[in-house]
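Residue indices begin at 1 and follow the sequence shown.
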Amino acid sequence: MYPWSRGVDSPETGGPSLGLCDCAPRRAALDSRAFTIDGVPAVKRLILLALAGWLAAGATLAQAPTAAATAPPGGEKVLRYAFPVAETTFDPAQVTDLYSSTLLNTIFEAPYEYAYLAEPTYIRPMTAAAMPEVSADYRTTTIRIKPGIHFADDPVFQGRKRELVAQDYVYAIKRHYDPRWKSGRLYLLENLKLLGLSELRKELIAAKKPFDYDREVEGLKALDRYTLQIRTAEPQPRLLHQLAQSAVVGAVAREVVEHYGDRIGDHPVGTGAFRLAEWKRSSRITLARNTNYRENLYDEKPVVGDETLKAQVRALKGRRLPMVDKVVISIIEEVQPRWLSFLNEEHDLIENVPAEFSGVAFPNNQLAPNLRKRGVQMQRYARADLSMSYFGMENPVVGGYEPHKIALRRAISLAVDLEREIRLVRRGQAIPAQGLIGPRTYGYDAAFKSEMSDHDLARAKALLDLHGYVDRDGDGWRDQPDGKPLELEYATQPEQQSRQLVEQWQRNMDALKIRIRFKVAKWPENLKASRAGRLMMWGVGWNAGEPDGDTFLAIAYGPNKGQSNHSRFDLPEYNRLYEAQRMLPDGPERQALMAQAQKLAVAYMPIKSHVHRVWTDLAYPWVKGYYRNLFVNGFYRYVDVDNAELNKGQQP
């Protein structure tokens, strides 16, 4: 999560975004006395972490050269920072994760976007000439595209400028329906019930024919060169949110896709402010200014209450976007080198300061004096997200709707000590989750309380005993009611916070006398296995792409299995409630249906909700205009890098 409200998969450690994602080191036996991390003894790793904290506190190493930042030659402005997980692909029809989506939001463009500095945010035209015309019954939406917008140059265009037209959006949306691309976000569009598109897909799959892009359907048409019309079978009062998702409906040129074929994920060509310039897979990504980008001037309104940002915004007014020439993104999965890269000014900002360093970077949630002295800017904010662990509902051990299977999942949930997880692993940078819906979205109720956050070992053991999960062979571990061994398998990633979360899972399950083992793989590998239904359990994070709780409820909606619904939960009553709320305008009736659906999810427990995270970003003073709007992933075009200030050298 990652999105109806669009969500994105995201690793737990990075954000959202699955951004689900969480948990687990190699349990090469999970014996902390002999624990190693990527071949480094745990004691040595602790020393390295302590060193990082010491540097953050303002210490210097006498024999270590400083890495004071300097602007590159030629006056180029370069924004540098890091992702905690690798990208997957650059194709909007195939991407589902948070970080790849962030990149796509800078390369491709939807008709609409969320206002960068607005709180609460609102939707405004991006490539559209104006806000759409929407019929009174919310079934017909007509959009006019601005003439004169061009794609970035590519050899496919043979030296000619390629103008954006309405048909490019028709083609981009249809690609999600083409089985060839295995779109993980098809559910977003199918939930909208665009007239004729799902039927076309089913017809061609049954006939074993390739997808027919030239066949016109009633629900998606280019009425003329610049006019797009969308018609739906049901009222869609929040369709506009989907039309603001560049990583989903960003325009693509058909001739580019047909030329590169299966390699299209390596050759993104959009109309956005940046283009992909260099790419070393899973290591380094360089975006460069799109020289064909239209004249677009900075005209953001200052955020209330932040005087520093207000002054920066006033200074940027009227500047042509984008203001930086390049964005260089390093993939640094381990928290310690990522943090040190920021301290050494190798990076200009750091998103989500790792929890391990919260005590030295912002003790008591206040910026540390030494960082304040260096002019570092801090932004702290609650995420519109959910960190969770899901149970594979089609798995023979933890899945199913029978009373004893529900009891097993509820018992496992009750054994999870969230207070300890928040205190020790997340360093206080999270709040307990009571259900699926995350903060800062419509439908979230801060007063809602459920057993989701309860830690009650006595009740957990009683549930297991009552339903036959007892030790039947005298080995000290619980077995299944039919006498087979009970063993959980939890998927995780090989990075630090996942390892710490795995230790908590081991402790929690040991207390229940339930065996658990951990399957470690890279994030993209786990995501692929999860979508195929091959994982028993996985810890992930879901990030809202729009300010609406529908995106969270969708992760348990049956028809979304294999896409946003990683648990493959499929309960008819839940599905009915989800569908009913989706068609209603905002109001008490819709809120009541959302609350009922959330309570059903708690009762059946296909998903163990852990926490909603609190993030803190830091940026050096030469980064101007940086602000964290949760629903604007492509922020690069709105920030500037002041090379003169950068070259002063900010090292103490």
Applied to residues 196-209, the salt bridge (charged side-chain N to carboxylate O under 4.0 Å, His left out) test, sequence neighbours excluded, yields E203-R215
So salt bridge (charged side-chain N to carboxylate O under 4.0 Å, His left out) across residues 566-580, not counting sequence neighbours, yields E394-R568, K561-D570, E573-R576
- Under the side-chain contact (heavy atoms from CB on, under 4.5 Å) criterion, do L527 and H566 qualify, and how do the steps go? CA-CA 9 Å; L527 181 59; H566 289 260; 3.7 Å; yes
Subject >> Carboxylate-amine/guanidinium contact R281 D266, below 4.0 Å >> reply: yes
message: For Y638 and Y116, take the angle between the two ring planes, folded into 0 to 90°, and tell me which bin it lands in: parallel under 30, tilted 30 to 60, perpendicular over 60.
response: parallel
Judged by atom type as modelled, is there a donor-acceptor pair below 3.5 Å linking the side chain of D224 to the main-chain atoms of T227? yes
Minimal heavy-atom distance between A597 and L553, with the atoms involved, is CB-CD2, 4.3 Å
Quick note, salt bridge (charged side-chain N to carboxylate O under 4.0 Å, His left out) partners involving residues 592-607, not counting sequence neighbours, are none
Hits for ring-ring contact (aromatic ring centres under 6.0 Å, His included) against F157, two or more places apart or cross-chain, chain-then-number order -> none
Going by atom types only, do Y636 and Y81 share a side-chain donor-acceptor pair under 3.5 Å? yes
Notebook entry, point to check: Do we see a donor-acceptor contact under 3.5 Å between the side chains of S387 and H610?
Noted result: no
One should read off an interatomic distance between N352 CG and R383 CZ, to the nearest 0.5 angstrom, of 7.5 Å
- Would a 4.5 Å heavy-atom cut-off, applied to side chains only, mark V156 and V269 as touching? no
All heavy atoms of Y627 vs all of Q379, minimum pair found to be CA-NE2, 3.2 Å
Here the ring-ring contact (aromatic ring centres under 6.0 Å, His included) pairs for residues 189-220, sequence neighbours left out, are Y171-Y213, F211-Y213
Nearest heavy-atom approach of R180 to D262 is NH2-OD1, 3.0 Å
Contacts of H267 meeting ring-ring contact (aromatic ring centres under 6.0 Å, His included) (sequence neighbours excluded), chain-then-number -> Y260
For I173 and Y177, the nearest pair of non-hydrogen atoms, with its separation, is O-CD1, 3.5 Å
*N-O pairing of D548 and R590 below 4.0 Å*: yes
Sorted by chain and residue number, the salt bridge (Lys or Arg N to Asp or Glu O under 4.0 Å) partners of E87 (sequence neighbours excluded) come out as none
d(F90 CZ, L276 CG) to nearest 0.5 Å is 4.5 Å
Distance col, row D153:CG vs N290:CG, nearest 0.5 angstrom, shows 7.5 Å
Donor-acceptor check, side chain of D168 to backbone of V165, threshold 3.5 angstrom: yes or no? yes
Interatomic distance, OG1@T89 vs CZ@R263, rounded to 0.5 Å, equals 12.5 Å
Assess whether atom CD of E589 is packed by more than 12 heavy atoms of other residues, nucleotides or ligands within 6.0 Å.
no
Only one of Y557, Y187, F552, F569 passes ring pair (Phe, Tyr, Trp, His ring centres under 6.0 Å) with Y578, and that residue is Y557
OG1 of T232 to CD of E218, rounded to nearest 0.5 Å, is 10.5 Å
Discussion item. Closer than 3.5 angstrom, by distance alone: can the side chain of K608 be matched with the main-chain N or O of M452 as a donor-acceptor pair?
Written reply: yes
On a heavy-atom basis, the closest approach of I555 and S567 is O-OG, 4.4 Å
- Any donor-acceptor pair under 3.5 Å from E109 side chain to T127 backbone: no
- Decide, yes or no, whether a salt bridge links R238 with D586 under the criterion of side-chain N to carboxylate O below 4.0 Å. yes
| request: Spell out, as yes or no, whether a donor-acceptor pair under 3.5 Å connects the side chain of E234 to the backbone of K193. | output: no
So side-chain hydrogen bond (donor to acceptor under 3.5 Å, both in side chains) across residues 433-444, not counting sequence neighbours, yields E119-R440, Q434-S453
Requested in this report: For the pair F635 and Y626, name the ring-plane relationship: parallel under 30°, tilted 30 to 60°, perpendicular over 60°.
Outcome: perpendicular
Hits for ring-ring contact (aromatic ring centres under 6.0 Å, His included) against Y298, two or more places apart or cross-chain, chain-then-number order -> none
Open item on the list: Could you check whether any side-chain N or O of S100 sits under 3.5 Å from a backbone N or O of T88, counting only pairs where one atom can act as donor and the other as acceptor?
Closed with: yes
Within the side chain of N575, is there an N or O that forms a donor-acceptor pair under 3.5 Å with the backbone of G558? yes
Sorted by chain and number, sequence neighbours left out, side chain to side chain contact (heavy atoms under 4.5 Å, CB included) with M131 holds for Y112, I123, P125, L240
Task: Presence of salt bridge, R380 and D617, under 4.0 angstrom - done: no
Discussion item. For S246 and M126: C-alpha separation, side-chain torsions, deciding distance, then whether side-chain contact (heavy atoms from CB on, under 4.5 Å) applies.
Written reply: CA-CA 10 Å; S246 294; M126 192 174 198; 3.9 Å; yes
Sorted by chain and residue number, the ring-ring contact (aromatic ring centres under 6.0 Å, His included) partners of Y226 (sequence neighbours excluded) come out as none
Nearest heavy-atom contact between Q229 and T142 is NE2-OG1, 3.4 Å
Ionic contact status for R582 with E190, cut-off 4.0 Å: no
| message | Closer than 3.5 angstrom, by distance alone: can the side chain of R320 be matched with the main-chain N or O of N296 as a donor-acceptor pair? | response | no
CZ of R613 to CD1 of I431, rounded to nearest 0.5 Å, is 12.0 Å
Sorted by chain and number, sequence neighbours left out, side chain to side chain contact (heavy atoms under 4.5 Å, CB included) with V170 holds for Q167, K174, L220, A222, L228
